[in-house]
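Here the structure comes first, spelled out in structure tokens, and everything after it is commentary.
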Amino acid sequence: MIMAAAAVRRGGSEAFFVGSQIQRRQMKIMGMTLLSPTTSSPLSSNHSNFISSSSSSSSSNSNSNSRDKHKNDDASSSFRYINDALAFFSGGSSISSRDKHKNDASSFRNIDDALAYFNHMLHRKPRPCIIQFNKLLSTIVKMRHYHDAVISLSKQMELAGLSPDSYTLHMLINCFFQLQRVDLGFSVLAKIIKLGLQLTIVTFNTLINGLCKAGKFGQAVELFDDMVARGCQPDVHTYTTIINGLCKIGETAAAAGLFKKMGEAGCQPDVVTYSTIIDSLCKDRRVNEALDIFSYMKAKGISPNIFTYNSLIQGLCNFSQWREASAMLNEMMSLNIMPNVVTFSLLINIFCKEGNVFEAQGVLKTMTEMGVEPNVVTYSSLMNGYSLQVEVVQARKLFDVMITKGCKPDVFSYNILINGYCKAKRIGEAKQLFNEMIHQGLTPDIVSYNTLIDGLCQLGRLREAHDLFNNMLANGNLPDLCTYSILLDGFCKQGYLANAFRLFRAMQSTYLKPNMVMYNILIDATCKSGNLKEARKLFSELFVQGLQPNVQIYTTIINGLCKEGLLDEALEAFRNMEEDGCPPNEFSYNVIIRGFLQHKDESRAVQLIGEMREKGFVADAGTTA
DNA sequence: ACATGAGTCT
């Protein structure tokens with residue numbers, strides 16, 4: 001009965017290219033050509049429908065995506081495929097040695113070397129031309145984190161009587177936008193005009209990109225329309241930049257629309273456009289559609305690059321499709337595109353999230369052998385792996401190794417380590433790191449606060465958690481949904497349900513809308529307090545808020561029903577999960593089986609255990625015991 | 001113009 005409301009179905013998610021009949025027919029033809037042995041990857045079959053406009057096929061597509069999330073490989077061999085793929089190549093020569101030191105401007109080991117070289121150039125007689133300076137500045141821009149340095153260098157250049165050209169000024173616009181100084185970015189535009197330099201498509205593209213990066217997407221679109229109105233034709237960069245912006249704010253349908261439009265305007269999408277869309281689809285959990293676009297672009301004669309492959313490898317890994325991910329890796333390497341630091345880092349991250357730090361260490365070793373230098377992301381990912389395993393000592397060791405290797409920890413690295421100490425219940429050291437990071441000139445962000453607040457809540461130190469919450473507000477950080485969830489859970493776990501509900505209602509009067517995690521916390525708490533009536537009320541409230549129950553919510557409710565001995569209703573809810581688009585996971589099975597066992601209904605428990613094994617799920621200790 | 005890492009719930 002409680003599930004009646006759940007019959008409200010999620011509308012089928014829109015296929016990427018809505019209403020594009022012509023493209024659909026093309027795709028079918030391409031699909032067949034791609035099956036030829038030379039061009040086919042093991043991945044190119046069975047991913048139809050991405051360009052379909054029919055709602056039935058698109059909704060079945062999105063469902064099949066979520067079904068695919070089931071582990072399709074034996075857990076222990078999950079990572080073997082990928083490591084095998086890497087091992088095949090790691091025996092050979094190292095990747096980067098031959099590409100290093102291509103030209104002297106890009107061979108600086110760090111910012112200090114670059115700055116020293118700048119001074120050398122500035123005082124050399126005769127002075128090198130602006131192009132030489134531009135080269136150096138663009139190298140510094142690529143180092144990231146030094147945009148302010150570029151700005152100050154350009155000032156020095158001007159003071160020394162060296163006039164900037166368009167390239168210099170575009171770079172400056174970039175730097176200002178990176179520093180979120182939109183106003184100063186536009187002041188450079190004024191300067192371009194004052195100097196009488198041409199406003200080119202590059203100028204517009206630079207500004208549009210900068211606005212997107214600074215989160216001013218509305219203004220970016222305005223400028224886009226403005227340049228069209230001025231008779232300046234957008235090029236593939238312009239379109240791709242806007243498409244990327246749309247993807248990043250979750251407007252995938254609009255991105256698809258623009259993609260179609262650019263084709264109609266005679267501007268052909270290139271590898272960057274396709275990679276942008278593929279990445280967005282992967283992040284949207286629409287991997288099958290991403291694979292379709294991947295086939296489609298290849299059929300169009302556009303060669304995927306390292307970005308394309310990295311996005312797809314990550315997308316496939318997130319669906320536990322290890323075999324397919326390693327096939328992708330192999331395909332990439334067979335095209336002589338070698339994995340880079342991003343590829344390795346994402347693999348390490350995925351392995352760590354799966355709880356397999358050992359394999360992740362292996363990847364670090366492999367990449368080092370292949371001559372790819374780990375970066376702060378690589379180290380942080382592995383640190384996170386240790387943290388999640390409550391091996392904070394190992395995480396700390398790696399943190400120190402990273403520093404020794406000249407790799408500066410950033411806010412992410414600190415947050416990860418703080419979380420490691422919190423999970424290990426070593427809150428003192430966590431606080432210490434929090435202070436250390438400030439001392440290092442880094443600013444704690446909302447995640448830093450949330451992590452520490454959660455650490456305190458987990459220890460039942462709600463008073464201190466609340467103090468930190470206030471501290472956070474005082475430092476100008478607005479609480480987000482996560483903050484509230486953490487506090488909500490803290491209250492609930494300590495039995496302060498009334499406080500939890502008060503906080504929940506208070507939050508609803510802010511700009512924040514409650515999400516599934518919060519309902520899950522509250523439903524769980526009310527069930528555990530024996531108030532099933534209130535839990536049902538919350539469950540129906542969820543729909544009013546426009547939310548769709550997910551696996552966790554179902555599992556929580558099933559758990560609650562089992563606790564009350566309402567086994568038939570629990571099973572009914574369990575059976576409804578599949579058709580409601582969130583098939584039960586390992587956790588759900590364990591919960592319901594435990595319920596049946598606790599109420600001595602062994603025959604139904606045994607049946608479910610069989611079913612669970614069939615799906616490749618593992619019964620946990622509490623279930624089998 | 002495109003790709004990697006952190007925090008909440010069963």
Side-chain angles (χ1 to χ4, degrees), chain A residues 202 205-206 208-209 212-213 235-245 247-248 269-280 282-283 304-315 340-350 352-353 375-385 387-388 410-420 422-423 445-455 457-458 480-490 492-493 515-525 527-528 550-560 585 587-588 590-591:
Chain A
V202 180
N205 287 347
T206 306
I208 289 173
N209 180 47
C212 288
K213 288 274 145 62
D235 65 4
V236 63
H237 287 218
T238 331
Y239 280 112
T240 304
T241 303
I242 298 276
I243 287 174
N244 186 40
C247 287
K248 291 282 138 64
D270 65 7
V271 59
V272 179
T273 322
Y274 280 106
S275 300
T276 302
I277 287 168
I278 286 172
D279 186 62
S280 172
C282 285
K283 298 242 156 52
N305 62 17
I306 184 83
F307 291 82
T308 330
Y309 281 108
N310 282 344
S311 293
L312 284 166
I313 290 168
Q314 170 151 261
N340 63 6
V341 61
V342 176
T343 323
F344 288 114
S345 299
L346 75 86
L347 289 175
I348 286 175
N349 184 45
I350 299 261
C352 285
K353 290 250 178 68
N375 65 14
V376 61
V377 179
T378 323
Y379 286 116
S380 301
S381 300
L382 195 51
M383 279 167 52
N384 191 40
S387 286
L388 295 176
D410 59 12
V411 175
F412 274 79
S413 331
Y414 273 100
N415 288 349
I416 287 166
L417 199 53
I418 288 172
N419 188 41
C422 285
K423 290 279 170 318
D445 62 6
I446 183 79
V447 178
S448 326
Y449 283 101
N450 287 348
T451 308
L452 258 189
I453 291 173
D454 186 48
C457 284
Q458 294 297 324
D480 65 3
L481 287 171
C482 225
T483 322
Y484 281 105
S485 299
I486 289 164
L487 290 170
L488 219 53
D489 191 54
C492 288
K493 292 278 155 66
N515 65 5
M516 221 95 76
V517 174
M518 297 180 157
Y519 278 103
N520 199 26
I521 292 167
L522 291 175
I523 291 173
D524 185 53
C527 282
K528 286 199 173 121
N550 60 11
V551 191
Q552 280 109 318
I553 296 262
Y554 271 107
T555 309
T556 301
I557 296 221
I558 289 165
N559 193 27
N585 59 20
F587 215 100
S588 325
N590 278 303
V591 162

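Letters A, B, ... mirror the listed sequences (proteins, then strands); counts begin at 1. This is a predicted model, so every value here is computed, not measured.
dC2(B) atom P lies 12 Å from atom CD1 of Ile242(A), rounded to whole Å. When the C1' atom of dG5(B) is taken as reference, atom CG of Asn349(A) falls 6 Å away, rounded to whole Å. Nucleotide dA1(B) holds its C1' atom 12 Å from the CD1 atom of Ile277(A), rounded to whole Å. Separating the CG atom of Asn520(A) from the C1' atom of dC9(B) is a distance of 4 Å, rounded to the nearest angstrom. To the nearest angstrom, C1' of dT8(B) lies 7 Å from CG of Asp489(A). Rounded to whole Å, atom P of dT8(B) lies 13 Å from atom CE of Met518(A). Per the geometry, NZ belonging to Lys248(A) stands 9 Å off C1' belonging to dA3(B), to the nearest Å. Spacing between atom CG of Asp524(A) and atom P of dT8(B) amounts to 16 Å, rounded to whole angstrom units.
Within the nucleic acid shown, Asn375(A) comes within 4.0 Å of at least one base atom, counting heavy atoms only. Residue-level contact check: Ser380(A) touches the bases, meaning some heavy atom is under 4.0 Å from a base atom. Among the protein residues, Thr238(A) comes within range of no part of the nucleic acid, since none of its heavy atoms lies under 4.0 Å from any strand. At the heavy-atom level, Val341(A) lies under 4.0 Å from base atoms of the strands shown. Asn205(A) comes within 4.0 angstrom of nothing in the nucleic acid, heavy atoms only. Ile418(A) comes within 4.0 angstrom of no nucleic acid atom, judged by non-hydrogen atoms across all strands. Ser275(A) comes within 4.0 angstrom of a base, heavy atoms only. Note on Asp235(A): nothing from the nucleic acid sits closer than 4.0 angstrom, heavy atoms only.
Distance alone, capped at 3.5 Å, is enough to place a donor-acceptor pair between the Thr276(A) side chain and the Val272(A) backbone. Here the side chain of Thr240(A) pairs no donor or acceptor atom with the backbone of His237(A) at under 3.5 angstrom.
We find that the ring of Tyr484(A) and the base of dT8(B) do not stack by the test of centres under 5.5 angstrom and planes tilted less than 30°.
In the set dT10(B), dG5(B), dA1(B), dA1(B) carries the atom at the smallest distance from any side-chain atom of Asp270(A). In the set dA3(B), dC2(B), dA6(B), the nucleotide with an atom closest to the side chain of Asp279(A) is dA3(B). Across dT8(B), dA3(B), dT10(B), the shortest atom-to-atom separation from the side chain of Val342(A) is found for dA3(B). Comparing dT4(B), dT10(B), dC2(B) against the side chain of Thr555(A) picks out dT10(B) as the nearest. The nucleotide whose nearest atom lies closest to any side-chain atom of Val376(A) is, among dG5(B), dT4(B), dA1(B), dG5(B). For Gln552(A), whose side chain is taken as the heavy atoms from C-beta onward, the closest listed nucleotide among dC9(B), dT8(B), dC2(B) is dC9(B). Here dT10(B) is the nucleotide among dT10(B), dA6(B), dC2(B) with the atom lying nearest to any side-chain atom of Lys528(A). For Val517(A), taking side-chain heavy atoms from C-beta onward, the closest of the listed nucleotides dA6(B), dT8(B), dA1(B) is dT8(B). When each of dA6(B), dA3(B), dT8(B) is scored by its nearest atom to the side-chain atoms of Phe307(A), the top-ranked nucleotide is dA3(B).
Of the options Leu382(A), Val377(A), Thr343(A), a side chain to side chain contact (heavy atoms under 4.5 Å, CB included) to Ile348(A) is made by Leu382(A) and by none of the others.
Contact annotation: side chain of Ser345(A) to base of dT4(B), donor-acceptor pair present below 3.5 Å. Taking 3.5 Å as the limit, the base of dA3(B) and the side chain of Asn340(A) contain a donor-acceptor pair of atoms between them. Within 3.5 Å, no donor on the side chain of Asn415(A) pairs with an acceptor on the base of dG5(B), nor the reverse. Residue Ser381(A) places no side-chain atom within donor-acceptor reach of the base of dG5(B), judged by atom type and a 3.5 Å distance cut-off alone.
Judged purely by distance below 3.5 Å, without hydrogens or angles, the side chains of Ser387(A) and Asn384(A) never pair a donor atom with an acceptor atom. Judged purely by distance below 3.5 Å, without hydrogens or angles, the side chains of Ser413(A) and Ser380(A) pair a donor atom with an acceptor atom. In the model, Thr451(A) has no side-chain atom that pairs as donor or acceptor with a side-chain atom of Asn415(A) under 3.5 Å.
Remark: Lys248(A) engages Asn244(A) in a side-chain contact (heavy atoms from CB on, under 4.5 Å) (not counting sequence neighbours). For Asn550(A), the side-chain contact (heavy atoms from CB on, under 4.5 Å) partners at least two apart in sequence or on another chain are Met516(A), Gln552(A), Ile553(A).
Residue Lys423(A) places no side-chain N or O under 4.0 Å from the OP1 or OP2 atom of dA6(B). Under 4.0 angstrom from either OP1 or OP2 of dC2(B) there lies no side-chain N or O belonging to Gln314(A). When the side-chain nitrogen and oxygen atoms of Lys493(A) are compared with OP1 and OP2 of dT10(B), one or more of them lie within a distance under 4.0 Å. Distances shown here put every side-chain N or O of Lys283(A) at or beyond 4.0 Å from the OP1 or OP2 atom of dC2(B).
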